[in-house]
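Taking it in order: structure first as structure tokens, then the write-up.
What's counted below: heavy atoms across the whole structure, side chains too, no hydrogens, waters or symmetry copies. Numbering of residues begins at 1 and proceeds along the displayed sequence.
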Amino acid sequence: MPRFGSPPADIPKPTFQTDIQDRIVGEGPLTPVILRLAWPVVLMMYLQGSYNIIDSIWVGQLLGRLALAGIATGGFVLWSILPRPRWPTITVGAAVWLSVPVLFYLMGTSPEVTKLGTSYLRVLIWGCPAIFLSFLLQRIFQAAGDTVTPMWLMFFALIVTTVLDPVLMLGLLGLPRLGVEGAALATLIARLLMVLAGIGLLLKRRRIRSMRLRLPLLRRFPRRIPVVAQGYLRLQCRGISRWDWRLFASTLRIGAPNALTQVLFPVV
């Protein structure tokens with residue numbers, strides 16, 4: 001006999017109960033599910049912070065205080081335009097690229113900081129689509145319940161940036177010395193490689209999971225390593241013949257408040 005309030009057995013499962021939702025929630029208590037989904041997101045936030053810290057350390061140590069002030073000031077301008085949708089981001093980015101010196105003037109920076117910050121910011125603005133796509137891929141995996149893959153992708157981008165920063169800024173390995181522009185270019189290359197890796201995983205229906213590795217001398221401290229495994233996501237562009245205005249309106253209704261919040265933080 002069915003429990004009180006439960007639907008009859010002959011009523012089909014609601015259409016919104018997809019296979020992905022089954023994988024995320026499943027049966028049983030929610031606490032283990034929440035912990036499994038949350039810890040990679042928290043760690044990824046620390047990786048993002050480390051990403052900015054490492055960039056600042058290299059610039060401050062190799063190029064000096066003025067360069068560090070330039071990239072720090074330009075960073076707030078960049079992060080204020082990234083949360084916007086794709087085409088508005090490109091449009092606003094083009095307008096910001098032209099008005100960068102004015103923005104630094106309004107912030108009251110010195111001529112040296114303005115020059116360095118303008119060079120850094122203009123390189124990053126050209127790469128806004130790659131940075132935007134890297135955040136979009138993170139959200140795609142997270143929305144499907146896979147928070148581990150974007151964490152490892154961010155870790156990969158962090159390593160690439162750490163290696164490329166001094167190489168491009170100082171002109172090592174026979175490359176030209178680029179200064180603060182090299183720091184910006186290192187960021188773009190790392191984000192682009194992150195995007196290509198994420199798209200490759202989606203095309204091949206793969207994901208990155210964490211495998212616990214116990215070392216003989218450190219049995220109580222297992223180490224997690226990335227392992228490519230079979231996934232359940234894929235890019236599926238076939239069957240899309242027209243623009244879905246209802247889906248667009250729903251996406252805008254959900255995403256606009258979050259985008260506004262992300263814009264207001266660097267503005268403040």
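Cluster annotation: Leu175 is connected to Val160 through the hydrophobic network of ILVMFWY side chains, with a link wherever side-chain heavy atoms come within less than 4.5 Å. Hydrophobic clustering keeps Val113 apart from Leu106 (ILVMFWY residues linked when any side-chain heavy atoms are closer than 4.5 Å, directly or through intermediates). One hydrophobic cluster holds both Trp152 and Ile54 under the rule that ILVMFWY side chains link at heavy-atom gaps under 4.5 Å. At a threshold of 4.5 Å between side-chain heavy atoms, the hydrophobic network of Ile, Leu, Val, Met, Phe, Trp and Tyr places Leu172 and Val59 in one connected group. Cluster membership for Leu203 and Leu133, using ILVMFWY side-chain heavy atoms within less than 4.5 angstrom, is shared.
Within 6.0 Å of CE in Met45 there are 12 or fewer heavy atoms belonging to other residues, nucleotides or ligands. Under a cut-off of 6.0 angstrom, the local environment of CZ in Arg205 is crowded, with over 12 non-hydrogen atoms contributed by other residues, nucleotides or ligands.
Using a 4.5 Å heavy-atom threshold, the side chains of Trp39 and Met151 count as touching. Trp58 places a side-chain heavy atom less than 4.5 Å from the side chain of Met169. No side-chain heavy atom of Gln138 sits under 4.5 Å from any side-chain heavy atom of Leu153. In this structure the side chain of Leu137 reaches within 4.5 angstrom of the side chain of Leu202, judged on heavy atoms. Within the 4.5 Å cutoff, the side chain of Ile208 has no heavy atoms near those of the Val227 side chain. Counting heavy atoms from C-beta on, the side chains of Asp244 and Phe248 never come closer than 4.5 Å. Using a 4.5 Å heavy-atom threshold, the side chains of Leu201 and Arg207 count as separate. Counting heavy atoms from C-beta outward, Leu62 and Leu170 have side chains that approach closer than 4.5 Å.
For the residue pair Arg206 / Gln230, a side-chain donor-acceptor distance below 3.5 Å is found, with atom types taken as modelled.
Closest heavy-atom contact between Pro150 and Phe141: CD-CB, 3.7 Å. Closest approach of Val180 and Ser119 over heavy atoms only: CG2-CB, 4.1 Å. Smallest separation of non-hydrogen atoms from Ala157 and Ala190: O-CB, 3.5 Å. Between Leu116 and Leu66, the closest heavy-atom pair is CD1-C, 3.6 Å.
Distance CG/Asp165 to CG/Leu185: 10.0 Å, rounded to 0.5 Å. Considering CG of Leu68 and OH of Tyr120, their distance stands at 10.0 Å, rounded to 0.5 Å. Atom CD1 of Ile57 sits about 6.5 Å away from atom CD1 of Ile53, to the nearest 0.5 Å. Rounding to the nearest 0.5 Å gives a distance of 10.5 Å between OG of Ser50 and CE of Met154. Atom CG of residue Leu164 and atom CD1 of residue Ile159 lie 11.5 Å apart, to the nearest 0.5 angstrom. Glu181 CD to Arg177 CZ: the interatomic distance, rounded to the nearest 0.5 Å, is 12.5 Å.
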Assess the residue pair Asp146 and Thr149 against the criterion (side-chain hydrogen bond (donor to acceptor under 3.5 Å, both in side chains)); give the C-alpha distance rounded to whole Å, side-chain angles, the decisive distance to 0.1 Å, and a yes or no.
CA-CA 6 Å; Asp146 182 2; Thr149 297; 2.6 Å; yes
Mind running side chain to side chain contact (heavy atoms under 4.5 Å, CB included) on Ile189 and Leu168 for me, showing each step along the way?
CA-CA 11 Å; Ile189 293 175; Leu168 296 178; 4.2 Å; yes
Before you tell me yes or no, could you show the steps for Tyr105 and Thr114 under side chain to side chain contact (heavy atoms under 4.5 Å, CB included), namely the whole-Å CA-CA distance, both residues' side-chain angles and the distance that decides it to 0.1 Å?
CA-CA 8 Å; Tyr105 173 78; Thr114 299; over 6 Å; no
Is there a side-chain hydrogen bond (donor to acceptor under 3.5 Å, both in side chains) between Ser134 and Arg191 once you walk through the steps?
CA-CA 6 Å; Ser134 67; Arg191 291 288 180 170; 3.2 Å; yes
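Using a distance-only test at 3.5 Å, with no hydrogens or angles considered, a donor-acceptor pair links the side chain of Thr109 to the main chain of Phe104.
Tested against Leu121 for a side-chain contact (heavy atoms from CB on, under 4.5 Å), the candidates Val123, Ile125, Thr118 yield a single pass: Ile125.
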